[in-house]
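Data first, discussion second: the structure below is written as structure tokens.
First listed ligand is number 1; within each ligand, the first listed atom is number 1. Below, all heavy atoms of this structure are taken into account, side chains as well, without hydrogens, waters or symmetry copies.
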Amino acid sequence: MLFNMKKSISRRSFFDQTIGISAGALILPSLKGMTFNGSGLKPMIISSHTNDTGKNAMETGWEILSKGGSAVDAVEKAANVIEADPEDTSVGLGGLPNEDGVVQLDSSFMDGKTYSAGAVACLENIMHPSSVARLVMQHTDHVLLVGAGALSFAKAWGFKEENLLTEKARKIWLRWKEDLSPDDDWGVPEHLQNLKSGTSYWKDFPDIEHHYGTTNVIAIDINGDIAGCTTTSGLSFKLNGRVGDSPIIGAGLYVDNEVGAAGATGRGEDVIKSCASYYIVFRMKEGRTPQQACEDAMLMIADRYRKVNPDYLPSEKFVAISKSGETGCAMMKGTNKPAMSVRTEKGYLKQEGNIVFPDK
Ligand code: ASP
């Protein structure tokens, strides 16, 4: 009986039905048996975030995938975990603000199964821009909403406005503002300036730099469908209204259900100009592994800059996954190897990639 039923309905609807039946009357497919339509491939989820929150996010996503849930759901819920971490100064709540002290978030979502995409940019006061991007993708015929329009759309869907500027982020911003120029009037009076490091928040945040930070989350579900999301507060202290690569489909994120997916973090301006995520997926389509494709994109960007400034190397990190579950991760420069989170049925793995220009 059961066998006949499986044959006559889709794998997903079979799954929904089996989950709905109580007390083991039917046997759920064991994790070992979870393959994409018999191909032997398995669900998985990856992220560019490798801290504890990144790991928790992977477990949240995996929980969904391992029960036969969709890549879209897994990616959204995993991204939400990272967005809700107030200690993370690069994404969602607690993200560093723009130069005016306002947190403006960017996010994109792409569903390979339906070739749909949605994104929001310069979204204020909403903790989960990834969820709003998903709604743009699924409930509008547009791809990108910005600023006040993105906020009205979020509110129409019932999202509550809240202050995303944590005390920590506000103090980092103030510290940056006071240190910005000797020629403005921010900071302690001139006659006390050599004592400024005595104030508590100067001691708390001794080295303030512009910093990048974003997360990419990509998943493959039991049906072999791929979805991805990129979410960020963007470049810290950016100009008001600046949009980075994260909400630009093809730049901060790209998904091709037949090939794989890629996401970017780092200097968004480079990623936009190079259409880096699209390029990585395109290279995979040409037969390159995800690792090779991430490195190809780095080399392509460096090559462009070499023509105008041989010494300039920007700071990007790319992650990629192929349809068959291979992963790749590369960074332009740095001292520590770049890493990514990978969660499969075998458990959690922090996987290292390559630095393309290790001596820079
Ligand atoms: N790519 C993001 C942006 O430029 C920032 C980052 O990834 O660090 O907005």
* Options K238, K317, R242, ranked by nearest heavy atom to atom 4 (O) of ligand 1, top entry ->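 That would be R242.
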
Is [X] in polar range of ligand 1, meaning some N or O pair under 3.5 Å apart?
{"X": "D106", "value": "no"}
{"X": "A264", "value": "no"}
{"X": "G268", "value": "yes"}

Could you list the atoms of ligand 1 found under 4.0 angstrom from a heavy atom of [X]?
{"X": "G234", "answer": "9 (O)"}
{"X": "D245", "answer": "1 (N), 2 (C), 3 (C), 4 (O)"}
{"X": "L235", "answer": "9 (O)"}
{"X": "T265", "answer": "7 (O)"}

* To do: Could you grab the distance from atom CE of M284 to atom OH of Y254, nearest 0.5 Å is fine?
  => 11.0 Å

In terms of side-chain geometry, is the basic nitrogen of [X] or [Y] positioned less than 4.0 Å from the acidic oxygen of its partner?
{"X": "K77", "Y": "D73", "value": "no"}
{"X": "E295", "Y": "R283", "value": "no"}
{"X": "E59", "Y": "R343", "value": "yes"}

* Structure fact -> Which of T231, T53, T215, T232 passes side-chain hydrogen bond (donor to acceptor under 3.5 Å, both in side chains) with E83? Answer is T231

* To do: Dump the intermediate steps for side chain to side chain donor-acceptor pair (under 3.5 Å) on S131 and E76, then the final yes or no.
  => CA-CA 6 Å; S131 298; E76 181 192 1; 2.6 Å; yes

* To do: Considering only non-hydrogen protein atoms, determine which one is nearest to atom 8 (O) of ligand 1 and report residue, atom name and distance to 0.1 Å.
  =>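 It is G213 N, 2.1 Å.
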
* To do: Give the residue, atom name and distance (to 0.1 Å) of the protein heavy atom nearest atom 7 (O) of ligand 1.
  =>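 Protein heavy atom at minimum distance: T214 OG1, 2.4 Å.
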
* **Beyond-backbone contact of L65 with W62, side-chain heavy atoms, under 4.5 angstrom** => yes

